[in-house]
Amino acid sequence: MENFFLPEEITRDTLSRLPFESVLECKLVCKTWRNLIYNPYFFHLHLRRLYDHNSVAGKVGLLFITKKKKESKKLYYGEYVENDDDSCKKLPRINLQLPVDMACIVGSCNGLICISITHGVTIDDPVYICNPITRECVNLPRFKVNTIAEGRMLSGFGYYHSSTNEYKVVRIFYSFKQPSIGRIQVYTLGGGSGWRDVGEITYPLEPTSRPSPGTLANGALHWVDYFGNIFAFDLADEVFRLLPPPPCFRPGDYNYFQLKVLGGWLCVFYHNGDGSLDVWSLKKQKNISKYDIKEQDYYKFWSWSKELIVKKASMYREDYCPLESGKILIHSRSTLSRYDPNMDTTQPLVKFDKGLLIVKVIPDHMNSFVSLKALGEEDTKTIVSAS
């Protein structure tokens, strides 16, 4: 009997439609399939179909930063699937030995994770990109500081266009000598030019001692200042734009104000003085491009709308992940729960292992085959497994 071989394009198309876990098994079948799966064209095709599947299935990938006493921070991956309360009970550890002492996760885009380290107290420098699945990693040049008390830094990580396939890391440094002027630097993965100075911002963003990473939505990274102004750094043209303020915000209330993402749109979680929480989202009202009108007029075609209300919310002990169904995932220390605003009920979903403290949850993380080397990062290294 003669051997039968499918044409490569048919094999690629078939494999790209499989769930991620099945593709991992398929790459062990033969060298031909393995090479096909790690081809840049395949990971773009599979990634696009992952997005289509997740949007239909209502699946949310969650990246957990955890910490136990006398241990360094570790990463775990979980999934939440609508109508499957057991989906997030499995929490496999990402078994990697990270070569840096992680301060926080700056962002997660298409399976790539950006991690920062701390210089002193207030500078969280984004210096490390990895894909836990391909085990590829790359170290970015560190920010040069003369003293640990020289200033503070904000950072963000984003992906903005499927056709150009560009991932960018952004860091904004504020010197304590000029606290209202931020120096903006951008690193494009595979760009070959390292960190680029792209200008300054004359507003003191995120006036807290521990600034949060920029929130990625609509192709831009977002931060808020003391006065309730929300600034969007457009990853395409690398400029800041001022957004219209949400109706709920008042100057001085930044501590009660969280930027999130809901259905791909920027949203804010505003903690009221009565213990409730309002969720507002910013959406474009007209299908218009920022290149079709004057730059300063672009966000005039966007408006805020109140999406839902959480009647009982803890400002300091809980964090929130909004879902497109209108429900909200809530994590507090070692518990993950789901809040239904229509019923005003909170249902515990999973209680994690004793001693496993959930430090942070990064929503919308997905496992993927996106390759740093294929993106153009030549100095890519392989991560070893953790003990």
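- Scanning for side chain to side chain donor-acceptor pair (under 3.5 Å) contacts around Thr32 gives an empty result, with sequence neighbours left out.
- Annotation: cation-pi geometry satisfied between Arg152 and Tyr174 (NZ/CZ under 6.0 angstrom from ring centroid, within 45° of ring axis).
- Here the side chains of Val186 and Val169 are not in contact, with every heavy-atom distance at 4.5 Å or above.
- Listed by chain and residue number, His365 satisfy the side chain to side chain donor-acceptor pair (under 3.5 Å) test with Ser108 (two or more places apart in sequence, or in another chain).
- Taking each heavy atom of Leu242 and Asn229 in turn, the nearest pair found is CD1-CB, 3.7 Å.
- Thr380 is linked by a side-chain contact (heavy atoms from CB on, under 4.5 Å) to Glu136, Leu372, Lys373, Glu377, counting only residues two or more places apart in sequence or in another chain.
- Interatomic distance, CG of Leu243 versus CG of Leu266, reported as 6.5 Å (0.5 Å rounding).
- Remark: Asn218 engages no residue in a side chain to side chain donor-acceptor pair (under 3.5 Å) (not counting sequence neighbours).
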Using a 3.5 Å cut-off and no angle test, enumerate the donor-acceptor pairs between side-chain atoms of residues 341-348 and protein atoms at least two apart in sequence or in another chain.
residue	atom	partner	partner atom	Å
Asp344	OD1	Tyr339	OH	2.9
Gln347	OE1	Arg338	NH2	2.6
Gln347	NE2	Asp85	OD2	3.2

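- Every residue two or more places apart in sequence or in another chain was checked for a ring-ring contact (aromatic ring centres under 6.0 Å, His included) with Phe157, and none qualifies.
- Judged by distance alone, the side chains of Asn110 and Ser368 never bring a donor and an acceptor atom under 3.5 Å apart.
- Side chain of Asn131 to main chain of Ile133: a donor-acceptor pair is present (N/O by atom type, distance under 3.5 Å, no hydrogens or angles).
- Qualifying salt bridge (charged side-chain N to carboxylate O under 4.0 Å, His left out) partners for Asp13, counting only residues two or more places apart in sequence or in other chains: Arg17, Arg49.
- With hydrogens and angles disregarded, no donor-acceptor distance shorter than 3.5 Å links the side chain of Asp234 to the backbone of Ala220.
- Cys104 and Asp124 make their closest contact through SG-OD2, 4.2 Å (heavy atoms, listed as atom of the first residue, atom of the second, distance).
- Checked against side-chain contact (heavy atoms from CB on, under 4.5 Å), Lys306 has the following partners two or more places apart in sequence or in another chain: Asp278, Trp280, Ile309.
- For the pair Ser371 (side chain) and Ala374 (backbone), a donor-acceptor distance under 3.5 Å is present.
- No side-chain donor-acceptor contact under 3.5 Å links Arg171 and Ser116.
- Aromatic ring orientation, Trp302 versus Trp265: perpendicular (interplanar angle above 60°, classes split at 30° and 60°).
- Shown here are the side-chain contact (heavy atoms from CB on, under 4.5 Å) partners of Leu216, two or more places apart in sequence or in another chain: Cys109, Leu221, Leu235.
- Taking Ser305 as the reference, Ser281, Glu307 meet the side-chain contact (heavy atoms from CB on, under 4.5 Å) condition, with sequence neighbours excluded.
- In this structure, Lys327 has no side chain to side chain donor-acceptor pair (under 3.5 Å) partners at least two apart in sequence or on a different chain.
- The minimum heavy-atom distance linking His222 with Ala217 is given by the pair CE1-O, 3.1 Å.
- Residues passing the salt bridge (charged side-chain N to carboxylate O under 4.0 Å, His left out) test with Lys168, sequence neighbours excluded: Glu238.
- Ring-centre distance between Trp195 and Tyr187: below the 6.0 Å cut-off.
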